[in-house]
K.L.:
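Quick one: the structure is below, questions incoming.
Whatever order the structure lists ligands and atoms in, that order sets their numbers, starting from 1. Heavy atoms only: backbone and side chains are in, while hydrogens, waters and symmetry mates are out.
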Amino acid sequence: MAVDMPTDNADRSTGHTHPLAGKFIVFDGVDGCGKSTQLTEFENDLNAYGVKFKRFREPGGTLIGEDIRNILLTKRGEGMHIRAEMLLYMASRAQLVYQEIRPALASGITVLADRYTSSTLAYQGAGGGIAEDEIMAVAAAATGNLWPDLTIILDLPIADARRRTTKKGDIHQAGLFEDRIEQRAAQFHQRVREGFIQQCSQFPDRYRLVSAVGSQQTVHKRILTAIEKFFAVPEAR
Ligand code: TYD
């Protein structure tokens, strides 16, 4: 079902010359898809371009958001209803959008986000069974209709993703134990993966699906090509 995605992106300052300046770009995908590593790779590209940016992660990115993260991703969240979970992710997002993302975009700074509403649609929607139109309505209220210019979905078979997360071991640097979400069954993760893929075909004007299979460098090249094409960045200067 198509969902209207009204946007206020047109209001943003456009006094910058680089096509990536002042853009809102999200990296998302299943746990273990490598998006955090790939965001760091892309940060190097933005630095090389001389584009000013800020990077945020979800849930979290603000003091209030990090508190919410601790409820969501530790034992404290056990027994939480899926709707309460969805609303907490959105509450963290609302704080991040109004405290950090909107002010950054308003001053022409590019924003990189590690997860956004696309995660809620995939995890609490496709995975958890909440209707897409309900999530979209809450997202519109939480963010004041702020949608990314581009969402990159890093796609990886669930078996590969699981292997990466178990090998990583240090995924919970903040002293958190294996979180509730990651303990869920492979079936759930399969639905999440399909939810991400489905968003890409539903919103082709603001999403790109990129395969996360291959070496870090190969995937980085794929992502950079997709982003440069999307924003019509001129060939290397
Ligand atoms: P995190 O440890 O940050 O994982 P990752 O490094 O893969 O991003 O945990 C974030 C978890 O929260 C992840 O399992 C996905 C989940 N999540 C949702 O279920 N809904 C959401 O809206 C968001 C933002 C995250």
Side-chain angles (χ1 to χ4, degrees), residues 24 26-40 55-62 64-78 80-97 100-101 111-132 134-143 146-148 151-156 158 160-196 199 212:
F24 180 15
V26 172
F27 280 28
D28 216 331
V30 296
D31 299 65
C33 69
K35 67 196 158 38
S36 307
T37 311
Q38 290 300 334
L39 267 167
T40 304
R55 170 177 170 175
F56 303 105
R57 73 159 179 183
E58 283 206 11
T62 64
I64 291 167
E66 293 295 328
D67 276 354
I68 295 174
R69 179 184 177 90
N70 279 329
I71 299 172
L72 281 166
L73 302 181
T74 65
K75 286 197 182 302
R76 289 172 69 194
E78 250 168 43
M80 192 185 301
H81 193 274
I82 185 80
R83 285 178 181 268
E85 186 179 296
M86 185 268 279
L87 289 166
L88 280 183
Y89 281 113
M90 288 293 187
S92 170
R93 184 164 304 134
Q95 188 65 31
L96 183 65
V97 163
E100 300 287 349
I101 297 181
V111 169
L112 302 181
D114 190 332
R115 300 194 182 280
Y116 195 64
T117 302
S118 37
S119 271
T120 318
L121 287 167
Y123 285 85
Q124 284 69 47
I130 301 183
E132 178 194 286
E134 291 185 305
I135 295 176
M136 293 301 275
V138 178
T143 68
L146 183 73
W147 309 100
T151 300
I152 294 282
I153 300 297
L154 289 179
D155 183 52
L156 194 66
I158 295 306
D160 298 6
R162 286 302 283 183
R163 228 171 286 126
R164 284 191 194 177
T165 48
T166 37
K167 209 165 50 185
K168 215 154 78 177
D170 62 352
I171 192 167
H172 304 287
Q173 314 94 330
L176 308 178
F177 296 105
E178 164 127 328
D179 69 54
R180 294 185 309 118
I181 306 286
E182 283 173 352
Q183 286 165 356
R184 288 187 192 168
Q187 268 182 346
F188 172 85
H189 285 279
Q190 187 55 38
R191 289 202 302 278
V192 170
R193 181 189 183 201
E194 283 158 15
F196 278 124
Q199 289 175 58

K.L.:
After noting the C-alpha distance and the side-chain angles of Tyr89 and Tyr123, does the key distance pass the ring-ring contact (aromatic ring centres under 6.0 Å, His included) rule?
P.N.:
CA-CA 11 Å; Tyr89 281 113; Tyr123 285 85; 7.9 Å; no
K.L.:
Would Glu85 count as a contact of ligand 1 if the rule is a heavy atom under 4.0 Å away?
P.N.:
no
K.L.:
At a 4.0 Å threshold, what atoms of ligand 1 neighbour a non-hydrogen atom of Glu58?
P.N.:
24 (C)
K.L.:
Could you check whether any heavy atom of Arg69 sits closer than 4.0 Å to an atom of ligand 1, since that is the contact criterion I want to use?
P.N.:
yes
K.L.:
Look at atom 15 (C) of ligand 1 and find which of Phe27, Tyr89, Tyr123 reaches it with the closest heavy atom.
P.N.:
Tyr123
K.L.:
Ligand 1 versus Lys35, non-hydrogen atoms closer than 4.0 Å: side chain, backbone, both, neither?
P.N.:
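Contact part for Lys35 vs ligand 1: side chain (C-beta onward).
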K.L.:
Of the backbone atoms (N, CA, C, O) and the side-chain heavy atoms from C-beta on, which set of Leu72 has a member under 4.0 Å from an atom of ligand 1: side chain, backbone, both, or neither?
P.N.:
neither
K.L.:
Considering only NZ, NE, NH1 and NH2 on the basic side and carboxylate oxygens on the acidic side, decide whether Asp155 and Arg193 come within less than 4.0 Å.
P.N.:
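Salt bridge: yes.
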K.L.:
For ligand 1, which atoms sit closer than 4.0 Å to a heavy atom of Thr120?
P.N.:
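Counting atoms of ligand 1 from 1, those under 4.0 Å from Thr120 are 21 (C), 22 (O).
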K.L.:
Please state whether Arg93 comes within less than 4.0 angstrom of ligand 1, counting heavy atoms only.
P.N.:
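A heavy atom of Arg93 does come that close to ligand 1.
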K.L.:
Quick check for you: to the nearest 0.5 Å, what is the distance between Ile130 atom CD1 and Gln124 atom CD?
P.N.:
6.5 Å
K.L.:
Does ligand 1 come near enough to Tyr116 that some N or O of the ligand is less than 3.5 Å from an N or O of the residue?
P.N.:
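Among all N and O atoms of Tyr116, none is under 3.5 Å from an N or O of ligand 1.
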K.L.:
Which pair of heavy atoms, one from Ala142 and one from Met90, lies closest together, and at what distance?
P.N.:
CB-O, 3.8 Å
K.L.:
Mind listing the closest non-hydrogen atom pair of Leu156 and Gly32 along with its distance?
P.N.:
CD2-O, 3.6 Å
K.L.:
Do Val138 and Glu134 have side chains that approach each other closer than 4.5 Å (heavy atoms only, starting at C-beta)?
P.N.:
no
K.L.:
Report yes if some heavy atom in the side chain of Phe56 is under 4.5 Å from a heavy atom in the side chain of Ile101; otherwise report no.
P.N.:
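Yes, side chains in contact.
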